[in-house]
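No experiment lies behind these values; they were computed from the predicted model shown. All values below were derived from every heavy atom in this structure, side-chain atoms included, with hydrogens, water molecules and symmetry-related copies excluded.
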Amino acid sequence: MFPVERKEKKITKVLVAITLLFIASFFPYVIIVIVYITNPDYENNMTSSQLTFYLIAFRLYNINNMANPIFYFFFDVKFREEVFSLYRSCWKTEQEKSLKSAT
């Protein structure tokens, strides 16, 4: 058996976490779409609590899009460094603009 490096284990954990998040956030949406296709009147016969759950689950897939950068930020050092570099360059550009406009 090949030895697994610490970095490879960390990458595997991140990918598993991202995959599980994708499944958990996308699965309710798929179920709601299937129910809606099989019964278009489903939405009209809901109680207020069912409608609330329906609306949350219907938009839950967006969490995956918002959470991916957060996962990568906390678990990937290179991604974090690039984000800081991007913000530093934007901050520097804004400071230069404000200095030019002040003079």
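By the criterion of side-chain heavy atoms lying less than 4.5 angstrom apart, applied directly or through intervening Ile, Leu, Val, Met, Phe, Trp or Tyr residues, Phe73 is not grouped with Leu86; the two fall into different hydrophobic clusters. Val35 and Val33 fall within a single hydrophobic cluster, where Ile, Leu, Val, Met, Phe, Trp and Tyr side chains are chained together by heavy-atom contacts under 4.5 Å. Under a hydrophobic clustering in which Ile, Leu, Val, Met, Phe, Trp and Tyr are joined whenever their side-chain heavy atoms come within less than 4.5 Å, directly or via other members, Val77 and Ile11 fall into different clusters. By the criterion of side-chain heavy atoms lying less than 4.5 angstrom apart, applied directly or through intervening Ile, Leu, Val, Met, Phe, Trp or Tyr residues, Phe53 is not grouped with Ile56; the two fall into different hydrophobic clusters. Under the 4.5 Å side-chain contact rule for hydrophobic residues, Leu60 and Met46 do not share a cluster.
Heavy-atom contacts from other residues, nucleotides or ligands closer than 6.0 Å to CD of Glu96 number more than 12. For Phe79, the CZ atom sits in a packed shell: over 12 heavy atoms of surrounding residues, nucleotides or ligands are nearer than 6.0 Å. Surrounding CZ of Phe27 are at most 12 heavy atoms belonging to other residues, nucleotides or ligands under 6.0 Å away.
Taking OG from Ser89 and CD from Glu94, the interatomic distance works out to 10.5 Å, rounded to the nearest 0.5 Å. Rounded to the nearest 0.5 Å, atoms CD1 (Ile31) and CZ (Phe26) are 11.5 Å apart. Taken from CG in Leu15 to CG in Leu20, the straight-line distance is 11.0 Å, to the nearest 0.5 Å. Here the CG atom belonging to Asn39 is positioned 7.5 Å from the CG atom belonging to Asn45, to the nearest 0.5 angstrom.
Scanning both residues, Ala17 and Phe71, for their nearest heavy atoms gives CB-CE2, 3.5 Å. The shortest non-hydrogen separation linking Pro28 to Ile23 is CD-O, 4.4 Å.
Annotation: side chain of Asn62 is in contact with side chain of Asn65 (closest heavy-atom distance under 4.5 Å). In this structure, Asn64 and Phe22 have side chains that are in contact, with non-hydrogen atoms separated by less than 4.5 Å. Two residues are said to be in side-chain contact when any heavy atoms from C-beta on lie closer than 4.5 Å; Tyr72 and Val83 fail this criterion. Contact check for Ile63 versus Met66: side-chain heavy atoms found under the 4.5 Å cut-off.
Between Phe84 and Tyr87, the distance separating the two ring centers is not shorter than 6.0 angstrom.
Summarising the hydrophobic clusters (Ile, Leu, Val, Met, Phe, Trp, Tyr; side-chain heavy atoms under 4.5 Å, direct or chained), the residues clustered with Trp91 are none.
By the 30° and 60° cut-offs, the orientation of the rings of Phe58 relative to Tyr54 is parallel.
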